[in-house]
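Every value quoted in this text rests on a predicted model; they were computed, and no experiment measured them.
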Amino acid sequence: MEKSCTLLIHFDKGTPAIANEIKEALEGNDVAAKVDAMKKAIMLLLNGETLPQLFITIVRYVLPSEDHTVQKLLLLYLEIIEKTDAKGRVMPEMILICQNLRNNLQHPNEYIRGVTLRFLCRLNETEILEPLIPSVLQNLAHRHPYIRRNAILAVMSIYKLPQGEQLLVDAPEMIEKVLSTEQDPSAKRNAFLMLFTCDQDRATNYLLTHVDRVSEWGELLQMVVLELIRKVCRTNKGEKGKYIKIIISLLNAPSTAVIYECAGTLVSLSSAPTAIRAAANTYCQLLLSQSDNNVKLIVLDRLNELKSSHREIMVDLIMDVLRALSSPNLDIRRKTIDIVLELITPRNINEVVLMLKKEVVKTQNGELEKNGEYRQMLIQAIHSCAIKFPEVASTVVHLLMDFLGDSNVASAIDVIVFVREIIEMNPKLRVSIITRLLDNFYQIRAARVCSCALWIIGEYCQSLSEVESGIATIKQCLGELPFFSVSEEGEETESTKRAPQANSITVSSRRPAILSDGTYATQSAASETAFSPPTIVQGSLTSGNLRSLLLTGDFFLGAVVACTLTKLILRLEEVQSSQVEVNKASTQALLIMVSMLQLGQSSVLSHPIDNDSSDRIVLCMRLLCNTGDEVRKIWLQSCRQSFVKMLSEKQLRESEELKAKAQISHAQPDDLIDFYHLKSRKGMSQLELEDEVQDDLKRATGEFIKDGDDANKLNRILQLTGFSDPVYAEAYVTVHHYDIVLDVTVINRTKETLQNLCLELATMGDLKLVERPQNYTLAPESSKQIKANIKVSSTETGVIFGNIVYETSNVLERTVVVLNDIHIDIMDYISPAVCTDAAFRTMWAEFEWENKVAVNTVIQDEKEFLDHIIKSTNMKCLTAPSALDGECGFLAANLYAKSVFGEDALVNVSIEKQIDGKLSGYIRIRSKTQGIALSLGDKITLKQKGGS
């Protein structure tokens, strides 16, 4: 059987010491050699060696030593050696050490006394302890606090032994006397801990007698007091009121550890608004006063828990929580913003948005490396505030539009998406937003931001002045036409002056090269190979950002420019009375489109225009040459209608999620009715009364009753052996976040006693056994419950397999019963999660592990198959339901889930209906780790058939 171990030391097995060498060193007079030898002996013993020959040597040569280090090592040696024989009786040679221990307990040196008392705390043998008890009790009154505090611990550990109450009959009474006179904080804490552990009633009486002085006690003692209160209140709920007052008095303690524990204890014991408010205030105070980031993150977690159970109290503290944004750590800022966004109400929205705006402005001035990422976080937060409360949009939209040219592209994209949503939802702001957008358009540097901004200009420029400004802005940003010209000498010479500010190109040959701002330079053969334009070229403000992006070969943007110009010309026809002006604008737009096509088909750029963009530009040209009413309607109205539909669906989805969350909470129609006046007050304080009312409400709403999911438990019982095996075993598997507990029931079905029965387990995958198996003896037809703990370190399908091995009196060899394998399901660790499309695409591009599973199913409907996959994989479909509508015979959807270890799982389902009605296609899984991709793939392969 495994023995308990009180000492753990790292041991390098490379050079094991030899027992004879150790013995020689111990017999010598060199103290340093003795210390070294004792250390080696202890390490060998801890690693399974017995070294019986050393005991007498140590008694003879080490016991008399006066060196403190040697004495300490001697006590460690005595702690780990075997002190009993096979029958559990104390070995006779142990009597030799008793006299030495008694001498140590009366030693004039305080250190020797203290470490010996400490050693006694780890002794379990009453035969050795009994003669030492008088010496231990004498040390309770020693003048030195170090000895007193260790003597109290020794008394506690002896009293806790199975026969301890006989050895120290009046120990609690004695310790209570010590506690009343003790001045040392640490000894006082140990004495109170002894009473708390061994005689709870005495500890409670002492606490209630000295209730007025609790706030003056030391930090260590206050922590034990809180532990006692938790224990007492769990067993005796009726006494809660008076203890909660003690906790609230401790909230003003100077120690931060104490006030953190107080807040946690208050929340766990009471639901009274006064108590919860006090706890929440304490957490906010800690959040601001502590400099350690880990402490801040832990406190934010506690506030997050309070937010879900006591939202109305947390709403009042929203500005205190927001002050945590002063920390430079991004994780703290992200957590703070997440908490705050769920606490926004019409009352506090203006204050919150003002604070967020101030933080956005700060990110412009600071030189911190993470400013771009933090700004993006703030923009997303302001976006969600403006969607929930449209009235604040007008105060933030113009500030955010200054960031359209942000060097952090993700941040700029968030701004333009926000502007696009606000301009549709707030018609009053349209004119000012369009004016500002046209003014700031030249600053935009990213192609995706340009595309979105052009769409807004094409859709929302309604009046004559806006349409004309829109066309003028686009022309200005495209620069002079044509986009390239081989023979222009003047432009060439001008470009050589500008060359240093763009890509540095050696000027020697006569071949033309386009610079990032759209001008030309001659280029040497040596540098020609190295000329590869970056994805976003910083064009000069004079030449125009659209021109710079087009000259890097971004023809998708060219197609967007063509579509925007087409929409603006079609709208100009409606608002401009002069046909001459319309024709003039139309011909200029056609010239721009032709120039883009020429650029795409020329050899100046490294790659030609793609077919999609070319077709789109040609379509726009045909449309401007020949416009019909039906086509005009499609271009000017249908596009906007699709966008409005998308927004309304998004809002519908969000409101459904909120409804689902609301249904989970136990909100009752009579929540606000507190029957204070009908309750007997019996001299109760306001806090005690509140607490009782809250408890009554909890009982009424069933919060004290845990749901018994017995049917669910039965599903988790796995049969490990057959009914005809001599030993029957079944396991109940409980999966926690980071470990799995196997509760195995073993039944002896024979008429014989099974000896040395052992459950041997092994694992495959990222699973680790925590403890070694133990041997048991099983009487005929009796059963035994064996628990096994298995640690899990990643989301991966693991397998647990093993045997039951036992001996019987008749048979000499051991019998082995092989167990069924236990498969740990990946679904226990995966839960549906939500992320933005942009985040999904970024992760999809970054993750290196991909598992491609071919679709093989009997299901013939695309949506039914998708629902089946979502249900089987426990994932969330990110693709909007409207995008899956219709019967086109093809379906593509993105699924997302997160594991308890923080790993992301991405799935893309692409399926097509064949002529024979069967579905074909692929399901692609991507993740950062190999395990999750393979395990999800196996799960999908197993479940995708459907029909069963």
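Distance check: Q376 CD to I413 CD1 gives 8.5 Å after rounding to the nearest 0.5 Å. T566 OG1 to L570 CG: the interatomic distance, rounded to the nearest 0.5 Å, is 6.5 Å. With values rounded to the nearest 0.5 angstrom, Q576 atom CD is found 5.0 Å from L464 atom CG. To the nearest 0.5 Å, atom CG of residue L287 and atom CG of residue L300 are 5.0 Å apart. Taking SG from C477 and CD1 from I474, the interatomic distance works out to 8.5 Å, rounded to the nearest 0.5 Å. How far SG of C877 is from OH of Y896: 14.5 Å, rounded to the nearest 0.5 Å.
By the 4.5 Å heavy-atom criterion applied to side chains, F418 and V396 are counted as neighbours. Side-chain contact between D316 and R347: present, with at least one pair of heavy atoms (C-beta onward) separated by less than 4.5 Å. Contact check for L878 versus L895: no side-chain heavy atoms found under the 4.5 Å cut-off. Put simply, the side chain of L404 does not reach to within 4.5 Å of the side chain of Q443, judged on heavy atoms. Contact annotation: the side chain of E574 approaches that of L636 to within less than 4.5 Å [non-hydrogen atoms, C-beta and beyond]. Residues N426 and S394 are not in side-chain contact: their nearest non-hydrogen atoms beyond the backbone lie 4.5 Å or more apart. Side-chain contact between T473 and I457 is absent, with no heavy atoms from C-beta onward closer than 4.5 Å. Residues M593 and L624 are in side-chain contact: their nearest non-hydrogen atoms beyond the backbone lie under 4.5 Å apart.
Counted within 6.0 Å of NZ on K645, heavy atoms from surrounding residues, nucleotides or ligands total 12 or fewer; the atom is thus considered open. Counting heavy atoms of neighbouring residues, nucleotides and ligands inside a 6.0 Å radius, atom CZ of R311 exceeds 12 of them. Crowding of K863 atom NZ: a count of heavy atoms from other residues, nucleotides or ligands under 6.0 Å exceeding 12. By the 6.0 Å contact criterion, NZ on K388 is enclosed, its count of non-hydrogen atoms from other residues, nucleotides or ligands being greater than 12. For K357, the NZ atom is densely surrounded, since the number of other residues' heavy atoms within 6.0 Å is greater than 12.
By the ring-ring contact (aromatic ring centres under 6.0 Å, His included) test, H310 pairs with no residue at all, sequence neighbours left out. For W455, the ring-ring contact (aromatic ring centres under 6.0 Å, His included) partners are F643, not counting sequence neighbours.
With respect to the salt-bridge test (charged N to carboxylate O, under 4.0 angstrom), the residues E424 and R430 qualify. Look at R436 and D439 and you find no salt bridge, because none of the NZ, NE, NH1 or NH2 atoms lies under 4.0 Å from a carboxylate O. A salt bridge links E305 with R302: the distance from a Lys NZ or Arg NE/NH1/NH2 to an Asp or Glu carboxylate oxygen falls below 4.0 Å. No salt bridge links R926 with D904; every basic N to acidic carboxylate O contact stays at or beyond 4.0 Å. For E573 and R632, the salt-bridge test passes: some basic side-chain N is under 4.0 Å from an acidic carboxylate O. Residues R420 and E459 are not paired through a salt bridge, judged by the lack of any N-O separation under 4.0 Å between the basic side chain and the carboxylate. Using a cut-off of 4.0 Å between Lys/Arg side-chain N and Asp/Glu carboxylate O, R334 and E373 are scored as salt-bridged.
N348 and T345 share a donor-acceptor pair across their side chains, judged by distance under 3.5 Å alone. Donor-acceptor pairing under 3.5 Å is recorded for the side chains of D610 and S613. Between the side chains of Q290 and K296, no donor-acceptor pair of N or O atoms lies under 3.5 Å. Side chains of E466 and Y460: no donor on one and acceptor on the other come within 3.5 Å.
A donor-acceptor pair is defined here as one N or O able to donate and one able to accept, closer than 3.5 Å; no such pair exists between the side chain of R616 and the backbone of G558. A donor-acceptor pair under 3.5 Å is formed between the side chain of N545 and the backbone N or O of F441. Distance alone, capped at 3.5 Å, places no donor-acceptor pair between the N304 side chain and the I339 backbone. At distances below 3.5 Å, at least one donor-acceptor pair connects side-chain atoms of S469 with backbone N or O atoms of S465.
Across every non-hydrogen atom of R333 and M377, the tightest pair is C-SD, 4.2 Å. Residues I433 and I422 approach most closely at CD1-CG2, 4.0 Å, considering heavy atoms. Annotation for I387 and M425: closest pair CD1-SD, 4.0 Å, computed over non-hydrogen atoms. N294 approaches D292 most closely through the heavy-atom pair N-OD1, 2.7 Å. Closest approach of C385 to L341, counting heavy atoms only: SG-CD2, 3.8 Å. Between A324 and I332 the shortest heavy-atom distance is O-CG2, 4.0 Å.
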Does the pair L343 and K307 meet the rule for a side-chain contact (heavy atoms from CB on, under 4.5 Å), with working shown? CA-CA 8 Å; L343 296 174; K307 179 203 71 192; 3.5 Å; yes
Margin query: Evaluate V340 against L325 for side-chain contact (heavy atoms from CB on, under 4.5 Å), listing each step before the verdict.
Written below: CA-CA 11 Å; V340 165; L325 290 177; over 6 Å; no
### Task
Start with the C-alpha gap between I617 and M621, add the side-chain angles, then the distance that decides, and say whether side-chain contact (heavy atoms from CB on, under 4.5 Å) holds.
CA-CA 6 Å; I617 295 171; M621 288 165 66; 4.2 Å; yes
_Evaluate K335 against D301 for salt bridge (Lys or Arg N to Asp or Glu O under 4.0 Å), listing each step before the verdict._
CA-CA 8 Å; K335 237 175 196 170; D301 280 339; 2.8 Å; yes
Exercise. Might you work through the side-chain contact (heavy atoms from CB on, under 4.5 Å) test for D612 and F555, ending with a clear yes or no?
Key: CA-CA 9 Å; D612 281 352; F555 287 105; over 6 Å; no
Please list every donor-acceptor pair under 3.5 Å in which a side-chain atom of residues 275-286 meets a protein atom from a residue at least two apart or in another chain.
residue, atom, partner, partner atom, Å
N281, ND2, R277, O, 3.2
T282, OG1, A278, O, 2.8
Y283, OH, G264, N, 3.3

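F556 does not carry R448 over the face of its six-membered ring by the limits of under 6.0 Å from the centre and within 45° of the normal.
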